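Read the structure below first, then the notes.
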Amino acid sequence: MTTAREIMTPDVTCIGENENLAEAARKMADLDVGSLPICGEDNRLKGMITDRDIVVKVVAKDRNPADCTAAELAQGKPVTVGADDDAAEILRTMSEHKVRRLPVIDGHQLVGIVAIADVAKALPDRPVGDLIDAVTS
């Protein structure tokens, strides 16, 4: 069965937990992505931040993104998959947590991101359709 390591996007760029959200938005724009992992000074994953988080939780509340850190939006333990987890585990985790992107961890090291598009390219239509139904409902 296909593993996360085989379908993930490697070489992920993080936003530091103490960097501000204006910098996070610039990185997203430069990389043409909609989310970034939040990494601590200890190089461990602290959470994920999306462009939507910045808009809904900061801009829409009249807060200045330059005055807010990425750590302020990191909530709880991040949902992840292991690099050697199979596609069934990826689908289960995405469905259960209603997420579209999963950081891929090898030990405690962030090694990539798996998105719904990655899963869609690697698997038959039916499991992907079920995943999209679960995430969007």
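Count residues from 1 along the sequence. Note that this is a predicted model, so its numbers are computed, not measured.
For residues 17-55, every residue pair satisfying the disulfide (SG to SG under 2.5 Å) rule, not counting sequence neighbours, is listed here: Cys14-Cys39. Identified under the salt bridge (Lys or Arg N to Asp or Glu O under 4.0 Å) test for residues 19-28, with sequence neighbours left out: Glu19-Lys27, Glu23-Arg26. Sorted by first and then second residue, the salt bridge (Lys or Arg N to Asp or Glu O under 4.0 Å) pairs with a member in residues 48-58 read Asp53-Lys57; sequence neighbours excluded. Every pair passing salt bridge (Lys or Arg N to Asp or Glu O under 4.0 Å) that includes a residue from residues 66-77 is listed here, sequence neighbours excluded: Arg63-Glu72.
The CE atom of Met8 lies 10.0 Å from the CD atom of Glu6; values are rounded to the nearest 0.5 Å. Separating the CG atom in Asp118 from the CD1 atom in Ile7 is a distance of 6.0 Å, to the nearest 0.5 Å. The CD1 atom of Ile15 sits 7.5 Å away from atom CG of Leu21, with the distance rounded to the nearest 0.5 Å. The CZ atom of Arg100 sits 10.5 Å away from atom OG1 of Thr50, with the distance rounded to the nearest 0.5 Å.
For Glu89, the side-chain contact (heavy atoms from CB on, under 4.5 Å) partners are Asp85, Asp86, Arg92, Thr93, not counting sequence neighbours. Contacts of Cys68 classified as disulfide (SG to SG under 2.5 Å), with partners at least two apart in sequence or in another chain: none. Considering only residues two or more places apart in sequence or on other chains, Asp42 meets the salt bridge (Lys or Arg N to Asp or Glu O under 4.0 Å) condition with Lys46. Evaluation of the side-chain contact (heavy atoms from CB on, under 4.5 Å) rule for Ala4 yields Val81, Ile90, Val104, Val114 as partners, not counting sequence neighbours. For Arg5, the salt bridge (Lys or Arg N to Asp or Glu O under 4.0 Å) partners two or more places apart in sequence, or in a different chain, are Asp84, Asp106. For the side-chain contact (heavy atoms from CB on, under 4.5 Å) test, residues two or more places apart in sequence or in another chain that qualify with Val59 are Ile54, Pro65.
Residues Ala70 and Gly16 approach most closely at CB-O, 3.6 Å, considering heavy atoms. Closest heavy-atom contact between Ile116 and Met94: N-CE, 3.8 Å. Closest of all the heavy-atom pairs between Leu36 and Ala24 is CD1-O, 3.7 Å. Closest approach of Ile49 to Met28, counting heavy atoms only: O-CE, 3.6 Å. Nearest heavy atoms, Gly47 versus Ala74: CA-CB, 4.4 Å.
Other residues sharing a hydrophobic cluster with Met48 under the 4.5 Å side-chain heavy-atom criterion for ILVMFWY residues are Val12, Leu45, Ile105, Leu110, Ile113. Other members of the cluster containing Val56 do not exist, because no ILVMFWY side chain is joined to it at under 4.5 Å.
Checked by atom type and distance alone, the side chain of Glu17 never pairs as donor or acceptor with a backbone atom of Ile38 at under 3.5 Å.
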